[in-house]
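As structure tokens, the structure follows; a few thoughts come after it.
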Amino acid sequence: QVQLVESGGGLVQAGGSLRLSCAASGRTFNSYTMAWFRQAPGKDREFVAGLSRSGGTTAYAGFARGRFTISSDSAKNTVFLQMDSLKPEDTAVYYCAADRTLSDYVARLIRNYDYWGQGTQVTVSS
């Protein structure tokens with residue numbers, strides 16, 4: 001089992017940047033595919049970015065490609081989401097998630113993920 005704790009959210013102006021962190025405890029997170037999802041008010045939770053357990057595969061939602069970067073620090077058992085050129089429509093609660101898959105595939109569906117953090121709020125003002 002793994003526990004996930006997100007941090008790094010906050011209020012930022014449009015065009016600004018934030019870096020979210022997800023600290024994992026329990027089993028080392030390179031036993032899991034790690035991903036970020038987000039949920040805006042009144043909307044469904046959606047996939048943002050993912051990193052395979054080997055670190056060899058990344059996946060991004062269309063809106064994130066070119067602006068967001070997922071990475072990890074295995075020594076710190078932490079995965080990051082660097083978000084640049086933020087837009088008001090990026091405003092949401094961002095969640096970290098872990099998938100116990102044995103493959104190197106990055107799933108984009110919520111149901112594939114076994115563990116979730118509590119979320120961190122990101123607000124982008126115009």
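Atoms considered below: every heavy atom in the structure, side chains included; atoms not considered: hydrogens, waters and symmetry mates.
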Atom of Arg108, atom of Ala59 and distance for their closest heavy-atom approach: NH2-CB, 3.7 Å
Step-by-step side chain to side chain contact (heavy atoms under 4.5 Å, CB included) determination, Glu6 to Tyr94: CA-CA 8 Å; Glu6 303 97 333; Tyr94 283 71; over 6 Å; no
Main-chain N/O of Gly56 paired with Ser54 side-chain donor or acceptor, under 3.5 Å: yes
Side-chain touch Val48/Met83, heavy atoms, less than 4.5 angstrom: no
Set of ring pair (Phe, Tyr, Trp, His ring centres under 6.0 Å) partners for Phe68, sequence neighbours left out: none
Residue pairs passing the salt bridge (Lys or Arg N to Asp or Glu O under 4.0 Å) test where at least one lies in residues 30-49, sequence neighbours excluded: Arg38-Glu46, Arg38-Asp90
Co-membership, hydrophobic cluster, residues Phe80 and Trp36, 4.5 Å side-chain: no
Could you list the donor-acceptor pairs under 3.5 angstrom formed by side chains in residues 8-20, with sequence neighbours left out?
| residue | atom | partner | partner atom | Å |
| --- | --- | --- | --- | --- |
| Ser17 | OG | Asp84 | OD1 | 2.7 |

Test side chain to side chain donor-acceptor pair (under 3.5 Å) applied to Arg65 - qualifying residues, sequence neighbours left out: none
Co-members of Phe47 in a cluster of I, L, V, M, F, W and Y side chains, linked at under 4.5 Å: Phe37, Val93, Tyr95, Val106, Ile110, Tyr113, Trp116
Heavy-atom donor-acceptor pair, Tyr60 side chain to Ile70 backbone, under 3.5 Å: yes
Listed partners of Asp104 passing salt bridge (charged side-chain N to carboxylate O under 4.0 Å, His left out), at least two apart: none
Any donor-acceptor pair under 3.5 Å from Arg53 side chain to Thr101 backbone: yes
Distance (rounded to the nearest 0.5 Å) between Arg100 CZ and Gln1 CD: 9.0 Å
Shared-cluster residues of Val5, by chain and number - hydrophobic side chains joined below 4.5 Å: none
Verdict with reasoning, Leu4 to Tyr115, per side chain to side chain contact (heavy atoms under 4.5 Å, CB included): CA-CA 8 Å; Leu4 305 173; Tyr115 305 103; 4.2 Å; yes
Qualifying disulfide (SG to SG under 2.5 Å) pairs, either residue in residues 45-126, two or more places apart: Cys22-Cys96
Residues that Thr123 engages under side chain to side chain donor-acceptor pair (under 3.5 Å), provided they are two or more places apart: Gln121
Donor-acceptor under 3.5 Å (Asp73 side chain, Thr78 main chain): no
Separation between CD of Gln3 and OG of Ser25, rounded to the nearest 0.5 Å: 4.0 Å
Residue list, side chain to side chain donor-acceptor pair (under 3.5 Å) with Ser125, at least two apart or on another chain: none
Other ILVMFWY residues reachable from Tyr105 by side-chain steps of under 4.5 Å: none
Contacts of type side chain to side chain donor-acceptor pair (under 3.5 Å), residue Thr91, not counting sequence neighbours: none
Interatomic spacing from CG in Leu81 to CG in Leu51 - rounded to 0.5 Å: 11.0 Å
